[in-house]
*Asks:* 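Structure provided below as structure tokens; questions to follow.
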4 protein chains.
Amino acid sequence: MQTSRPSRTKEEVVKDFRTAEILDAARRVIGELGFADASMERIALEAGVAKGTLYRYFESKESLLAHALEHAHRDMITRSRAATQRVRAYRDKLREAVRAVLEYSAEHQAFYQALLERPDLSIDRESVVARTLTKNFEEYIRFVSGLLTRGARSGEFRPVDPRRGAQFLIEIIRSLLRERLADRKPPDVDSDVETIIDFYLHGVGAGGLE
Amino acid sequence: MQTSRPSRTKEEVVKDFRTAEILDAARRVIGELGFADASMERIALEAGVAKGTLYRYFESKESLLAHALEHAHRDMITRSRAATQRVRAYRDKLREAVRAVLEYSAEHQAFYQALLERPDLSIDRESVVARTLTKNFEEYIRFVSGLLTRGARSGEFRPVDPRRGAQFLIEIIRSLLRERLADRKPPDVDSDVETIIDFYLHGVGAGGLE
Amino acid sequence: MQTSRPSRTKEEVVKDFRTAEILDAARRVIGELGFADASMERIALEAGVAKGTLYRYFESKESLLAHALEHAHRDMITRSRAATQRVRAYRDKLREAVRAVLEYSAEHQAFYQALLERPDLSIDRESVVARTLTKNFEEYIRFVSGLLTRGARSGEFRPVDPRRGAQFLIEIIRSLLRERLADRKPPDVDSDVETIIDFYLHGVGAGGLE
Amino acid sequence: MQTSRPSRTKEEVVKDFRTAEILDAARRVIGELGFADASMERIALEAGVAKGTLYRYFESKESLLAHALEHAHRDMITRSRAATQRVRAYRDKLREAVRAVLEYSAEHQAFYQALLERPDLSIDRESVVARTLTKNFEEYIRFVSGLLTRGARSGEFRPVDPRRGAQFLIEIIRSLLRERLADRKPPDVDSDVETIIDFYLHGVGAGGLE
DNA sequence: CATGAATGAGGCTTCATTCAT
DNA sequence: TATGAATGAAGCCTCATTCAT
């Protein structure tokens with residue numbers, strides 16, 4: 001009467017569930033305290049498990065943090081891709097990608113900064129966390145620069161170096177994100193999306209010859 | 001013929017020299033290992049002094065790091081201001097400010113990132129270091145937004161929110177900086193300056209209606 | 001037949017046992033080296049645990065020392081009270097209180113001095129340890145001066161200032177204690193008790209007019 | 001014209017003067033902060049000399065503290081002896097000795113406690129300081145017990161163990177001293193002298209049989 | 001002789017990791 | 001498998017002592 005041998009045993013399901021719980025807890029703790037003060041103790045507390053349990057799911061703190069980043073990154077990039085597919089024009093795709101990021105961040109608060117973070121002063125540069133950040137960052141860069149490349153081909157964008165262009169967009173988003181996170185009552189997402197897109201498309205120049 | 005105003009005793013000169021040596025050592029260590037792993041032990045080693053000696057010059061690790069940031073920030077902003085005064089047009093002022101930052105960073109490598117850094121995931125958010133970063137960042141924001149405001153009045157720039165505009169520029173510079181720092185052989189500064197200015201003034205839009 | 005109220009889990013029992021072990025180790029170390037040289041390292045060694053373990057039981061060195069004092073003080077005052085209740089006459093109560101102290105100290109050696117110690121030259125005067133000493137000392141003062149007051153009312157004692165009288169008794173005890181502790185073979189307790197009581201009741205005067 | 005070769009050269013006089021200055025400074029610092037917090041830095045500051053200078057006069061911190069104790073002890077015992085010689089009766093001698101101590105302590109405040117201090121919890125027991133304290137204490141004990149012995153021979157005192165009797169007196173004095181030092185406005189010396197002498201001669205007993 | 005900058009041993013405390021239950 | 005007590009390396013800081021000037 002048992003269901004036809006599921007591809008995953010009950011143990012595996014439980015394990016995956018716990019893993020996700022822990023990663024979420026890590027996300028919350030990092031968001032609240034920052035990387036530097038996110039201790040295993042605190043993460044365990046937040047996850048409602050014992051400290052030792054964390055080591056049954058992750059081999060080290062480094063690994064746990066790296067997975068937490070990866071986890072959130074997956075979430076975010078999935079949303080971004082989905083959002084861009086709902087519209088046609090590349091300007092609109094860009095707009096929706098920006099909106100997806102801002103919305104995601106609104107849900108996950110401060111932690112989110114780390115997603116677009118690069119290997120930074122704060123983190124041991126040889127570390128797994130650093131490599132994960134770099135990898136995630138690169139993936140997002142490729143995603144955005146893909147939009148730019150195809151948008152340039154379609155004539156909607158100037159033919160700028162797409163990698164550079166993508167980087168710039170990401171930085172601008174992060175900058176605005178930071179403000180939003182600092183604000184107790186940030187403006188609504190739409191208005192910030194427009195600010196970014198307007199600036200990103202037209203720059204600050206008055207339009208005359210340079 | 002010698003001036004009768006010694007103004008600084010030999011001891012003061014020596015003290016200032018040592019202070020600068022330590023700050024430079026700190027700058028190198030932070031550049032190499034990041035904030036999180038910059039220990040007093042390591043800084044002392046780099047400076048060629050004993051651990052205890054650091055405490056003759058700075059009352060705590062926090063204070064030392066904060067001063068290292070401040071020290072570099074002063075250098076950089078001084079250069080930026082000077083550079084902008086050598087030219088008239090606001091677009092040129094902007095260009096020279098960007099160049100000053102890139103050049104300064106070329107000399108001080110990775111540490112430099114911290115200068116434009118804001119209180120970040122890596123750093124205890126209540127700390128003196130965090131406050132110093134915020135202060136420095138705010139000062140640079142005011143400097144750039146001053147340029148934007150006056151440039152807008154002169155008709156060279158669109159009337160965007162100057163604080164936002166300044167933030168965006170700084171983020172773009174940081175983004176490029178990061179690439180330069182990662183590159184073993186970064187392109188020459190002029191070319192990167194043009195990339196930034198071009199993007200910053202015109203955006204990536206093709207120019208049609210949005 | 002067994003009680004159904006476990007009241008304390010096995011973990012709590014173990015915890016209490018360890019706590020007591022550590023406090024005893026601290027007591028020995030303080031007794032051996034004095035407060036000033038009682039380091040956490042040394043206490044951990046004496047207790048047979050790692051340095052870090054101490055911090056699972058006490059939040060700081062101060063707290064550990066303060067609890068060690070408190071721990072021993074509780075022991076001692078409990079015994080003193082019990083001893084005084086076994087006899088009627090106030091002179092006898094006094095005698096038994098003195099005996100309790102001397103006996104207790106015989107068991108706990110040098111550390112014991114600290115129990116009757118007041119915030120002293122050796123200890124940071126604002127510290128928790130200092131406050132604990134003061135508190136303990138005051139409690140003992142009240143206990144003794146209670147005996148004096150009631151004994152005076154019963155006509156057994158002269159109506160001296162009871163607080164002063166209590167202080168004097170404690171100091172006399174301490175003085176004798178010190179000798180006992182210094183001696184490898186102190187005289188038996190009874191004889192010292194009589195010495196104290198005799199002196200305390202009659203003074204050194206020959207009895208004529210002053 | 002120079003005075004006929006003084007027994008001490010000018011250098012020696014200066015040296016002795018400096019030595020005394022430093023010892024006084026140490027006395028003040030110990031009185032203010034206690035032994036545990038009396039650092040060489042602080043003593044040098046108080047004495048108005050450089051830290052290194054202290055080591056020209058004393059070979060170590062230990063030695064300096066021991067000499068400071070010795071120095072103050074000499075002062076005090078000299079006064080006590082002188083005071084006892086101004087009167088005949090042993091009860092009066094005792095009274096004057098007590099008064100000398102209280103008066104001396106009024107001048108030198110908290111530091112004074114250390115004079116009657118015995119090797120204590122606070123101090124490394126093998127140390128020079130500990131040995132100095134013991135020595136000083138013993139000397140004072142001998143002084144007082146001499147009074148008691150001779151007073152007993154003259155019939156003024158009961159024939160108690162003179163060493164014990166001396167100890168008890170010293171402890172009683174210390175106890176009162178402590179109160180005086182804690183009080184912002186201690187009662188006048190005379191009244192405390194009488195309290196001590198009254199208690200010391202007659203005890204607290206009501207006079208009936210024990 | 002005097003100075004005070006420099007030293008470095010040693011003290012307190014934190015926290016990632018291990019392991020017996 | 002989960003726990004959390006125990007561990008000890010490593011970090012920050014203090015201060016007695018030394019020594020070049």
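Hydrogens, waters and symmetry mates are skipped; everything else that's a heavy atom, side chains included, is used. Throughout, protein chains are lettered first and strands after them, A, B, ... in sequence-line order, and every chain is numbered starting at 1.
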*Asks:* Report yes if the side chains of Leu23(A) and Leu64(A) come closer than 4.5 Å at any heavy-atom pair, otherwise no.
*Replies:* yes
*Asks:* Please report the distance, rounded to the nearest Å, between CD1 in Ile22(D) and C1' in dA2(E).
*Replies:* 11 Å
*Asks:* Using whole Å, what does the distance between atom C1' of nucleotide dG4(E) and atom CD1 of Ile43(D) come to?
*Replies:* 17 Å
*Asks:* How close or far is atom C1' of dG4(E) from atom OH of Tyr57(B), stated in whole angstroms?
*Replies:* 10 Å
*Asks:* Can you check whether Leu45(D) reaches Val29(D) side chain to side chain, under 4.5 Å on heavy atoms?
*Replies:* no
*Asks:* Rounding to an integer number of Å, can you tell me how far Leu64(B) CG sits from dC12(F) P?
*Replies:* 10 Å
*Asks:* Please enumerate all residues that pass salt bridge (Lys or Arg N to Asp or Glu O under 4.0 Å) together with Lys135(C), with sequence neighbours excluded.
*Replies:* Glu70(C)
*Asks:* Sort by first number and list every stem of DNA chain E: at least 3 consecutive Watson-Crick or G-U wobble pairs, both distances under 3.5 Å.
*Replies:* E:2-21 with F:2-21
*Asks:* For Phe58(B), which contact category applies under a 4.0 Å heavy-atom criterion: base, sugar-phosphate, or nothing?
*Replies:* nothing
*Asks:* Using salt bridge (Lys or Arg N to Asp or Glu O under 4.0 Å) as the criterion, list what pairs up with Lys51(B), not counting sequence neighbours.
*Replies:* Glu41(B)
*Asks:* Grab the CG-C1' distance between Leu45(C) and dT7(F) for me, whole Å please.
*Replies:* 15 Å
*Asks:* Could you tell me whether Val49(A) contacts a base, only the sugar-phosphate backbone, or nothing, with contacts defined as non-hydrogen atoms closer than 4.0 Å?
*Replies:* sugar-phosphate
*Asks:* For Glu21(C), check side-chain contact (heavy atoms from CB on, under 4.5 Å) against everything at least two apart and list the hits.
*Replies:* Phe17(C), Arg18(C)
*Asks:* How many Å lie between CZ on Phe17(A) and P on dT1(F), as a whole number?
*Replies:* 18 Å
*Asks:* Would you call Glu46(A) and Arg42(A) a salt bridge, using N to O less than 4.0 angstrom?
*Replies:* yes
*Asks:* Write down the distance between CG (Leu54(B)) and C1' (dC12(F)), rounded to a whole number of angstrom.
*Replies:* 11 Å
*Asks:* Are Tyr55(A) and Met40(A) packed together at the side-chain level, in the sense that at least one heavy-atom pair is separated by less than 4.5 angstrom?
*Replies:* yes
*Asks:* Hey, does Arg18(D) reach any base, or is it just sugar-phosphate, or nothing, if we go heavy atoms under 4.0 Å?
*Replies:* sugar-phosphate
*Asks:* Starting at the 5' end of nucleotides 14-21 of chain F, put B wherever the base has a protein heavy atom under 4.0 Å, S where only the sugar-phosphate does, and a dash everywhere else.
*Replies:* B-SBB---
*Asks:* Apply salt bridge (Lys or Arg N to Asp or Glu O under 4.0 Å) to Arg56(A) and list each qualifying residue two or more places apart in sequence or on a separate chain.
*Replies:* none
*Asks:* Is a side-chain donor or acceptor of Lys61(A) paired with a backbone partner of Ala38(A) at a separation under 3.5 angstrom?
*Replies:* yes
